[in-house]
**Student:** 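Shown below is the structure under consideration.
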Amino acid sequence: MLDARFVRDNTDAVRKVMSDRNASWDVEEFIAADEKRRAIIGTVEALQATRNEASRAIGILMKDGKRDEAEAAKGEVRQINEQVAELDETLAQLEAQVRDLLMTAPNIPDSSVPIGAGEDDNVEVRRWGTPRQFDFEAKAHWDLGPEMGIIDFERGVKLTKSRFVVLGRDGARLNRALINFMLDTHGSRGYTEWAVPAMANSETLTGTGQLPKFEEDLFKTSEGLYLIPTAEVQLTNLHRDEVLEGAELPLHYVGYTPCFREEAGSAGRDTRGMIRVHQFDKVEMVKFARPEESFDELEGMVVDAENILQLLGLPYRIIVLCTGDMGFGAAKTYDLEVWLPSYDNFKEISSCSNCVDFQSRRAAIKYRDPETFKGSRLVHTLNGSGLAVGRCLVAVLENYQQADGSVIIPEVLRPYMGGQELISPLA
RNA sequence: GGAGAGUUGGCCGAGUUGGUUGAAGGCGCUCGCCUGCUAAGCGAGUAAGGGGUUUAGAACCCCUUCGAGGGUUCGAAUCCCUCACUCUCCGCCA
């Protein structure tokens, strides 16, 4: 959520930002509604002030036993209340309008973000590793997995529906090994681990920005709860409506959860394999930081995500998303893209964003630091995948496959698989 | 799922015959004093959100908020209704 006062005072800047972002957000409508709203608040509060005073006077009259005078004053107050009730109705409408507008406005990109229309304008920052040259015909995971008996697309459909997958045998173990490896690695670098519910209520989803605008992307239960699309939602909302101590910042959190996405509107994209499915596993990093340090923390978070890929020996590149391609709540986003032979290209495996105060304003996450300022201020929140487990599994299979149909297990994962070095093809 | 008790400021905790109670007291925290340092002690301050004024990184004024929402009333933390959550007992169950 944007700061209403900021929008009010920087209409031109906001207008430009919205166009940079390809967002159709009506600045004029907001300004008009907000102005009306504030005017009504003024009159309502003036009326309330006189009413409060009159009420107090009645109390004194009653105490003094001046019944008649008190009764006369009551009528006057009743009239004021009628006026207030009437104004309150229009005020409620205006407040709803202003809130809805504010809730659907995307975040303002940081000045360092490249301006661009879409994904073609994203800028590559750096690369690591060299994509392997295969001296045999490399297989895509959607062929390799079923042949090895470790990915079962058909039974995923049978059990649930399309875009759900089953992992079997060493595929299931590899998945679990990846999760534990990622959690342990981040844990050893100072991230506190959490295990959180896979379902969340609407306040939680509103706090991180999925609601109200993106409800169609979420699975909803009959009780009005939602399946989480990412652990970011839960890890960030851990501190909703809390005031953190400045001395304990920055906080570095990590958690593993399954993630659920409707993928409404992505029909036809990445339909083969398990790149885009309704349920996938992900290890997520979340940080709470002071405003002045949040962009440094973002760089650090990218390094922590990279570290996983480097330890796994998977080639990747890093890009900065341009204004037109950034997510709703982000002020700046780096994507990590891993090399996938089946795509003959890099594919997103992590997205690390600094949301600055966009989420903390919605979720009321603040911090105090008496040495530096009075009262409390909004913290900055950051989140990043560390990493998407399913896509990582795919990357391992495809990049480490051998001519005989087996797959070498990266060394760092072997301790998590009982020392096993190889996933063998089905006999 | 059934019965009962509860939900007050950063924390603990008073306040239920409705009326200067946004709320006693304590802890914590901030500033000052005192002591050779620390501790103890003394004094002062210390909620959030919103609107407005101004010599505007600060100050002042007003409104709202005592789990949430609604109702009664001139006036509600205090009375009534609905919901959520917590605790205790019972039932059920990984």
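Below, chains carry the letters A, B, ... as their sequence lines are ordered, and counting in each starts from 1. Heavy-atom basis, side chains included; hydrogens, waters and symmetry copies ignored.
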**Student:** For nucleotides 62-67 of chain B, list the nitrogen or oxygen atoms of the protein found under 3.5 Å from its nitrogen or oxygen atoms, one pair per line.
**Tutor:**
| residue | atom | partner | partner atom | Å |
| --- | --- | --- | --- | --- |
| B/C63 | OP1 | A/Asn52 | ND2 | 3.3 |
| B/C63 | O3' | A/Gln48 | OE1 | 3.2 |
| B/C63 | O2' | A/Gln48 | OE1 | 2.6 |
| B/U64 | OP1 | A/Arg51 | NH2 | 3.1 |
| B/U64 | OP2 | A/Asn52 | ND2 | 3.3 |

**Student:** Given B/G49, B/G51, B/G10, which nucleotide is nearest the side-chain atoms of A/Arg368?
**Tutor:**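 Minimum distance to the A/Arg368 side chain belongs to B/G10.
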**Student:** Output a table of donor-acceptor pairs, distance under 3.5 Å, between side-chain atoms of residues 418-427 of chain A and any protein atom two or more places apart or on a different chain; print 'none' if there are none.
**Tutor:**
| residue | atom | partner | partner atom | Å |
| --- | --- | --- | --- | --- |
| A/Gln420 | OE1 | A/Arg173 | NH1 | 3.0 |
| A/Gln420 | NE2 | A/Asp170 | OD2 | 2.8 |
| A/Gln420 | NE2 | A/Leu422 | O | 3.0 |

**Student:** Starting at the 5' end of RNA chain B, which residue's closest nucleotide do you reach first, A/Gly75 or A/Asp34?
**Tutor:** A/Asp34
**Student:** Return the value, rounded to whole Å, for the distance between atom CD of A/Glu245 and atom C1' of B/C11.
**Tutor:** 12 Å
**Student:** May I have the list of side-chain donor-acceptor pairs in residues 97-105 of chain A shorter than 3.5 Å, sequence neighbours left out?
**Tutor:**
| residue | atom | partner | partner atom | Å |
| --- | --- | --- | --- | --- |
| A/Gln97 | NE2 | A/Glu29 | OE2 | 3.0 |
| A/Thr104 | OG1 | A/Asp100 | O | 2.9 |
| A/Thr104 | OG1 | A/Leu101 | O | 3.1 |

**Student:** Among residues at least two apart in sequence or on other chains, which ones pass ring-ring contact (aromatic ring centres under 6.0 Å, His included) with A/Phe6?
**Tutor:**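 None.
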**Student:** Using atom P in both nucleotides, what's the gap between B/U46 and B/G26 to the nearest angstrom?
**Tutor:** 15 Å
**Student:** If the condition is side-chain contact (heavy atoms from CB on, under 4.5 Å), which residues does A/Glu28 pass it with, not counting sequence neighbours?
**Tutor:** A/Arg15, A/Asp26
**Student:** In whole angstrom, what separates A/Asp369's CG from B/U46's P?
**Tutor:**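 From A/Asp369 CG to B/U46 P: 20 Å.
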**Student:** Give every donor-acceptor pair under 3.5 Å between a side-chain atom in residues 72-88 of chain A and any protein atom, sequence neighbours left out.
**Tutor:**
| residue | atom | partner | partner atom | Å |
| --- | --- | --- | --- | --- |
| A/Lys74 | NZ | A/Glu71 | OE2 | 3.2 |
| A/Asn81 | OD1 | A/Arg51 | NH1 | 3.2 |

**Student:** Between A/Arg78 and B/G75, is there a side-chain N or O to OP1/OP2 distance below 4.0 Å?
**Tutor:**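 No.
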**Student:** Would you measure the distance from the P atom in B/U8 across to the matching atom in B/A14 and give it in whole Å?
**Tutor:** 11 Å
**Student:** Tell me whether the rings of A/Phe328 and A/Phe214 are parallel (<30°), tilted (30 to 60°) or perpendicular (>60°).
**Tutor:**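 Geometry flag for A/Phe214 against A/Phe328: perpendicular rings.
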**Student:** Please determine if a side-chain N or O atom of A/Lys366 lies less than 4.0 Å away from the OP1 or OP2 oxygen of B/A47.
**Tutor:**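 Indeed not, no polar side-chain atom of A/Lys366 lies that close.
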**Student:** How close or far is atom C1' of B/G50 from atom CZ of A/Arg37, stated in whole angstroms?
**Tutor:** 7 Å
**Student:** Calculate the interatomic distance between A/Glu95 atom CD and B/G49 atom P; express it in whole Å.
**Tutor:** 16 Å
**Student:** Taking the C1' atom of each, how far is B/G32 from B/A24, in whole Å?
**Tutor:**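 So the two C1' atoms sit 26 Å from each other.
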**Student:** Could you tell me how far apart A/Lys74 (NZ) and B/U72 (C1') are, to the nearest whole angstrom?
**Tutor:** 13 Å
**Student:** Please test A/Arg126 against A/Glu306 for salt bridge (Lys or Arg N to Asp or Glu O under 4.0 Å), starting from the C-alpha separation and ending with a verdict.
**Tutor:** CA-CA 11 Å; A/Arg126 58 179 178 269; A/Glu306 282 183 86; 2.6 Å; yes
**Student:** Who are the ring-ring contact (aromatic ring centres under 6.0 Å, His included) partners of A/Tyr367, not counting sequence neighbours?
**Tutor:** A/Phe373
**Student:** Between B/G6 and B/G13, how far apart are the C1' atoms? Round to whole Å, please.
**Tutor:**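 One C1' to the other, the span is 14 Å.
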**Student:** Kindly write out the residues that satisfy ring-ring contact (aromatic ring centres under 6.0 Å, His included) with A/His252, not counting sequence neighbours, or none if the list is empty.
**Tutor:** A/Tyr191
**Student:** Could you tell me how far B/G15 sits from B/G69 if I compare only their P atoms? Round to whole Å.
**Tutor:**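 Looking at atom P only, B/G69 and B/G15 are 25 Å apart.
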**Student:** Between B/C87 and B/C27, how far apart are the two C1' atoms, rounded to whole Å?
**Tutor:**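 Taking atom C1' in both B/C87 and B/C27, they lie 24 Å apart.
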**Student:** Roughly how far, to the nearest 0.5 Å, is CG of A/Leu183 from NE2 of A/His186?
**Tutor:** 7.5 Å
**Student:** A/Trp142: what forms a ring-ring contact (aromatic ring centres under 6.0 Å, His included) with it, not counting sequence neighbours?
**Tutor:** none
**Student:** Less than 6.0 angstrom separating the ring centers of A/Phe260 and A/Tyr226, yes or no?
**Tutor:**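 Ring-ring flag for A/Phe260/A/Tyr226: false, centres at least 6.0 Å apart.
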**Student:** Looking at residues at least two apart in the chain, or sitting in another chain, which of them share a side-chain hydrogen bond (donor to acceptor under 3.5 Å, both in side chains) with A/Gln401?
**Tutor:** none
**Student:** Rounded to whole Å, please give me the gap between CE in A/Met62 and P in B/G75.
**Tutor:** 12 Å
**Student:** Rounded to whole angstroms, how far apart are CD on A/Glu35 and C1' on B/G52?
**Tutor:**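 It is 15 Å, rounded to the nearest whole Å.
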**Student:** Write down the protein N/O and nucleotide N/O pairs, taken from nucleotides 58-60 of chain B, whose separation is under 3.5 Å; answer none if there are no such pairs.
**Tutor:**
| residue | atom | partner | partner atom | Å |
| --- | --- | --- | --- | --- |
| B/A59 | OP1 | A/Lys374 | NZ | 3.2 |

**Student:** Base, sugar-phosphate or nothing for A/Arg361? Non-hydrogen atoms, less than 4.0 Å.
**Tutor:** nothing
**Student:** Quickly work out the A/Asp88 CG to B/G51 P distance and round it to whole Å.
**Tutor:** 16 Å
**Student:** Pick the C1' atom in B/G75 and in B/G91, then give their distance to the nearest Å.
**Tutor:** 46 Å
**Student:** How far, in whole Å, is B/A5 from B/C93 if one measures between their P atoms?
**Tutor:**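 About 28 Å, rounded to a whole number of Å.
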**Student:** Just to be sure I follow the notation: if a pair is Watson-Crick (purine N1 to pyrimidine N3 plus N6-O4 or O6-N4) or a G-U wobble (N1-O2 and O6-N3), each under 3.5 Å, what dot-bracket string does RNA chain B give, with | for pairs to another strand?
**Tutor:** ((((((((.[[[..)...(.....]]]((((((.......))))))(((((((.....))))))).[[[[[..)....]]]]])))))))....
**Student:** Using a heavy-atom cut-off of under 4.0 Å over every strand shown, decide if A/Arg67 touches base, sugar-phosphate, or nothing.
**Tutor:** nothing
**Student:** Touch check for A/Ile41, heavy atoms < 4.0 angstrom, all strands: base, sugar-phosphate only, or nothing?
**Tutor:** sugar-phosphate
